[in-house]
Every structure is written in structure tokens, then in C-alpha cells.
Amino acid sequence: MKIHLTIIFTCLSFFSFSQTDSTDILEDYSNYGEPEGVKRYTTPKVLNQTPQKIISLGYDYTGEFHMPDIRIAENITQLDDRHVNQVNVFRAQLNIPVVATNKIIWQLGANYWGSQFQVENANSNSFTKLLNQTSLISAGINTSIFKPLNETNFLIFQASADVNGLFTENAKVTSNALTFSATAIYGWKKSEKNMIGTGIARSYRAGRMMYFPVLFWNKTFNDKWGMELLLPAKGHIRYNINTSNMIQAGFELEGNQFSMPIPSTQRDLFYIQRGELKPRIMWDKKITGFLWFSAQVGLRYNYRFDVMNTYDGKENNERYFTSKLGNPLYFNISLNLVSP
């Protein structure tokens with residue numbers, strides 16, 4: 001528990017970011033003609049978009065599922081099956097604007113994602129015993145910049161550094177637990193209801209480091225319907241009951257690479273490459289002021305659960321074992337302080 005709190009407070013001390021919500025409206029100079037030297041810039045949101053979270057505290061409950069083909073020991077090729085009764089997940093996120101002007105929006109952020117597995121008969125297997133004893137933690141800092149170039153074009157830069165692993169008194173945080181991700185996007189804001197962009201990302205969302213093209217597209221079709229896409233990472237169709245009550249349906253790909261010492265093995269560390277695809281329905285409701293409640297329900301689909309012998313391992317001969325986890329239902333609730 002001390003380790004969890006240390007990681008949380010260390011990350012929060014850096015402050016934080018995700019995408020800044022800027023609702024400042026530039027003065028309409030058309031009333032006065034077009035003064036020489038005045039330049040207008042696009043804004044980072046479309047109409048009726050979901051509010052951006054400044055502080056978020058959440059809890060996930062994942063139901064029971066099967067965990068087959070777990071390696072018993074390093075020198076034994078025999079595989080073992082286990083059953084997971086549930087996974088409790090605690091989340092925290094902090095996003096703070098550092099600079100917010102019409103020319104640039106810069107935010108810093110911190111995040112925490114801790115998963116506690118409850119495995120049946122865990123002690124008879126060195127891997128599941130350790131997984132059952134402590135949380136699988138991902139915590140880090142991130143930064144994001146929205147840079148408008150003019151009234152139409154913009155740039156988005158995002159970067160994050162995370163420390164990930166199962167940490168005990170004998171397994172301290174080291175550079176082997178670090179992963180780095182980044183995204184760069186160039187885009188066009190066609191109107192106050194439509195902005196689109198494309199770029200490239202380096203990410204561990206699928207559990208393994210990958211480079212892939214990105215499609216960013218936020219569009220409001222009318223007063224009720226819209227969509228918010230950052231493919232292939234996530235995408236949702238949005239239905240606005242009103243401006244303070246929204247429902248979304250879509251998916252998110254979530255994951256990272258986690259360092260893990262396994263007792264009674266010759267290696268110092270193994271690496272869990274964990275990726276989860278989550279088709280889901282989400283409900284966001286304003287409680288009062290800037291305080292919102294969020295709930296979601298969906299399927300936790302196992303995209304990847306590989307345990308590798310080496311950092312960023314990809315080849316079959318670098319794999320300690322792989323498990324095709326079962327795919328249970330999950331739900332999430334959170335309280336969120338959002339930007340104006």
C-alpha cells in the first residue's frame with residue numbers, strides 16, 4: 001500500500017494534462033472591419049463535445065474469467081490453468097492547463113491505473129502468487145499541446161512516460177519499468193461542428209510498442225448526435241440528451257508493458273504485455289457546477305496477455321508464456337471535475 005501511495009503522490013507532484021478545454025471566444029472583429037495585424041485562431045473543441053476532465057477518480061470491477069496456460073516454472077514446460085474471481089481497478093487522473101491562450105494550449109497531467117487480481121489457488125504457481133499479492137500498476141506523467149496555426153489548421157502533440165509493473169520490497173522501480181508514448185497530429189477545423197486530423201503514434205496500448213497511423217475526427221451532426229474518434233485507440237458515437245446529460249457507445253484499446261520479477265527463476269525480470277479492447281456504453285451526467293458523474297459497462301476483451309523474457313520482446317523465442325484470458329463483463333464508475 002505504501003508503494004501505491006508513493007507512486008500516486010510522486011506522479012501528482014508533476015501536475016498534469018490531457019486535452020485542455022478552452023472555451024474562450026475571441027472578439028468578433030467583423031463588427032469593426034478587419035484591423036491590420038489581427039489574426040484569428042481555431043479552437044480545440046466542437047459544439048456539444050463531452051467535457052474535458054481536470055480531476056477524475058474511478059473504480060472498475062471486472063467479473064470472473066479463466067486464465068489458461070500459465071507457466072509453472074522456468075525449467076518446467078508444463079502449463080497450468082487458473083481461474084480469476086475478479087479484478088478490482090482503481091484509477092486517478094489529473095490534468096492542469098499550464099498555458100491557455102488563443103495561440104497555444106499546453107497541459108500537463110498525471111495518471112494512475114492499479115489492477116488487483118483475485119486468483120483462485122494462486123499460491124501453487126509462482127506467477128499467479130505474485131500477481132495475487134500485489135497490484136499491477138501503471139502510473140505516469142503526460143503532456144499535450146494544441147497549437148492553432150490559423151482559423152482552420154492546427155497541430156496536436158502528446159507525449160507520456162509511464163512506470164509499469166508489480167512492485168514489492170524486493171522489486172523497486174527501475175528504468176526497465178519505463179515506457180514512452182507519443183502522438184503527433186495535423187488537422188483541419190472545417191466548422192464549429194467538424195474537426196479532423198491525421199498523424200502518427202508510438203504507443204503501448206496493445207501491450208507491445210507499436211507505430212501506427214492515427215485518425216482524429218470530432219464531429220457534431222446536430223443538437224443530439226455526434227462522434228469523437230481517435231482511431232485506432234478509441235472511438236465513440238455520442239448522444240446528447242441535453243448539455244449536461246450524455247450517452248456514448250464505442251470502444252477503447254487500453255494496455256501497457258509491465259515489469260515483473262518471478263521468484264525461483266534465473267532472470268531478474270519478465271515483462272507482461274497486456275492489451276485490452278473494451279467495447280462499452282458510457283453515461284456522463286452533471287451533478288452540480290463542474291462536478292460530473294460517469295458510469296460505463298462493457299466487455300473486457302483480451303487483446304494480448306504475453307509474458308516475455310526481454311523488454312519490448314516480439315519474437316516467439318523471447319516469450320516466457322502467453323495466456324488467452326477469458327473475456328468478462330466489466331463496469332466502471334467515476335467522479336470528475338471538468339473544465340468550464
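Keep in mind the model is a prediction, meaning the values are calculated, not measured.
- S135 places no side-chain N or O within 3.5 Å of a backbone atom of I137 that could act as its donor or acceptor partner.
- Contact annotation: the side chain of Y271 never approaches that of V307 to less than 4.5 Å [non-hydrogen atoms, C-beta and beyond].
- Taking every heavy atom of both residues into account, N218 and E228 meet most closely at OD1-CA, 3.3 Å.
- Across K278, R280, R304, a single residue satisfies salt bridge (charged side-chain N to carboxylate O under 4.0 Å, His left out) together with E254, and that is K278.
- A distance of 5.5 Å separates CG of N176 from CG of L269, quoted to the nearest 0.5 Å.
- Side-chain N or O atoms of N150 include one that pairs as donor or acceptor with a backbone N or O of T152 at under 3.5 Å.
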- prompt: What do the steps show when you test I105 against I145 for side-chain contact (heavy atoms from CB on, under 4.5 Å), and what is the final call?
  reply: CA-CA 6 Å; I105 297 172; I145 294 174; over 6 Å; no
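- Here ring pair (Phe, Tyr, Trp, His ring centres under 6.0 Å) pairs that include residues 228-257, with residues two or more places apart or in two chains, are W225-Y239.
- Residues F305 and L130 share a hydrophobic cluster, clusters being chains of Ile/Leu/Val/Met/Phe/Trp/Tyr side chains in contact below 4.5 Å.
- If you run side-chain contact (heavy atoms from CB on, under 4.5 Å) between Q118 and each of V87, V84, N88, only N88 comes through.
- Not counting sequence neighbours, the partners of Y186 by the side-chain hydrogen bond (donor to acceptor under 3.5 Å, both in side chains) test are N153.
- Side-chain contact between R202 and S181 is absent, with no heavy atoms from C-beta onward closer than 4.5 Å.
- Listed by chain and number, the residues in a ring-ring contact (aromatic ring centres under 6.0 Å, His included) with F321 are F127 (sequence neighbours excluded).
- A pairwise comparison of heavy atoms in L277 and P279 identifies O-CD, 3.4 Å as the closest pair.
- Looking only at distances, a side-chain donor or acceptor of N327 sits under 3.5 Å from a matching main-chain atom of N302.
- Counting heavy atoms from C-beta outward, V214 and I185 have side chains that approach closer than 4.5 Å.
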Exercise answer: donor-acceptor pairs, residues 282-291 side-chain atoms, under 3.5 Å, sequence neighbours excluded:
{"unit_1": "W283", "atom_1": "NE1", "unit_2": "N245", "atom_2": "OD1", "d": "2.7"}
{"unit_1": "D284", "atom_1": "OD1", "unit_2": "S294", "atom_2": "OG", "d": "3.1"}
{"unit_1": "D284", "atom_1": "OD2", "unit_2": "Q248", "atom_2": "NE2", "d": "3.4"}

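- Counting heavy atoms of neighbouring residues, nucleotides and ligands inside a 6.0 Å radius, atom NZ of K234 does not exceed 12 of them.
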message: For H83 and M67: C-alpha separation, side-chain torsions, deciding distance, then whether side-chain contact (heavy atoms from CB on, under 4.5 Å) applies.
response: CA-CA 6 Å; H83 189 78; M67 179 183 280; over 6 Å; no
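- The distance from the CZ atom of R40 to the CD atom of E151 is 5.5 Å, given to the nearest 0.5 Å.
- Side-chain atoms of Q296 do not come within 3.5 Å of backbone N or O of I333 as any donor-acceptor pair.
- A donor-acceptor distance shorter than 3.5 angstrom exists from the side chain of S124 to the backbone of N121, with no hydrogens or angles considered.
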- prompt: What do the steps show when you test R238 against I247 for side-chain contact (heavy atoms from CB on, under 4.5 Å), and what is the final call?
  reply: CA-CA 6 Å; R238 168 175 41 83; I247 296 175; over 6 Å; no
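- In this view, D312 and Y204, M209, Q257, K314 satisfy the side chain to side chain contact (heavy atoms under 4.5 Å, CB included) rule, not counting sequence neighbours.
- The main-chain N or O of A177 is found under 3.5 Å from a side-chain atom of N164 such that the two form a donor-acceptor pair.
- Proximity of a side-chain donor or acceptor of S323 to a complementary backbone N or O of P68 within less than 3.5 Å is detected.
- For the side-chain hydrogen bond (donor to acceptor under 3.5 Å, both in side chains) test, residues two or more places apart in sequence or in another chain that qualify with E276 are R274.
- Using a 4.5 Å cut-off between side-chain heavy atoms of Ile, Leu, Val, Met, Phe, Trp and Tyr, with links allowed through other members, I196 and L149 fall into the same hydrophobic cluster.
- Looking at L329 and L299, their side chains come closer than 4.5 Å, going by heavy atoms from C-beta outward.
- S56 places no side-chain N or O within 3.5 Å of a backbone atom of A92 that could act as its donor or acceptor partner.
- The minimum heavy-atom distance linking N336 with S334 is given by the pair ND2-OG, 3.2 Å.
- Taking the ring axis of F65 as reference, the NZ or CZ atom of R300 stays within 45° of it and closer than 6.0 Å to the ring centre.
- Residues satisfying the side chain to side chain contact (heavy atoms under 4.5 Å, CB included) criterion with N194, sequence neighbours excluded, are K190, S191, W217, K219.
- With sequence neighbours excluded, the residues forming a ring-ring contact (aromatic ring centres under 6.0 Å, His included) with F146 are F154, listed by chain and number.
- Summarising the geometry, atom CD belonging to Q49 is positioned 11.5 Å from atom CD belonging to E192; distances are rounded to the nearest 0.5 Å.
- Contact of the Y330 side chain with the P328 side chain is not registered, since no non-hydrogen atoms from C-beta on lie closer than 4.5 Å.
- Here R205 pairs with E252 under the salt bridge (Lys or Arg N to Asp or Glu O under 4.0 Å) rule; sequence neighbours left out.
- The distance from the OG1 atom of T128 to the CG atom of D80 is 7.0 Å, given to the nearest 0.5 Å.
- Distance check, rounded to the nearest 0.5 Å: CG of L325 to CD1 of I70 gives 7.0 Å.
- No donor-acceptor contact under 3.5 angstrom links the side chains of S126 and R71, judged on distance only.
- With sequence neighbours excluded, no residue satisfies ring-ring contact (aromatic ring centres under 6.0 Å, His included) with F212.
- Looking only at side-chain heavy atoms (C-beta outward), M308 and F270 stay at 4.5 Å or farther from each other.
- For the pair W106 and T143, the tightest heavy-atom approach, listed with the atom from each and the gap, is NE1-OG1, 2.8 Å.
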- prompt: Can you list the steps and then say if N256 with D162 is a side-chain contact (heavy atoms from CB on, under 4.5 Å)?
  reply: CA-CA 9 Å; N256 217 314; D162 298 290; 3.9 Å; yes
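- Contacts of Y59 classified as ring-ring contact (aromatic ring centres under 6.0 Å, His included), with partners at least two apart in sequence or in another chain: F90.
- Every residue two or more places apart in sequence or in another chain that forms a side-chain hydrogen bond (donor to acceptor under 3.5 Å, both in side chains) with N316 is listed here: R319.
- For K324, the NZ atom counts as loosely surrounded, since its 6.0 Å shell holds 12 or fewer non-hydrogen atoms of other residues, nucleotides or ligands.
- The side-chain heavy atoms of D81 and D69, taken from C-beta on, include a pair separated by under 4.5 Å.
- Y311 is listed as a side-chain neighbour of T179, based on a closest heavy-atom distance under 4.5 Å.
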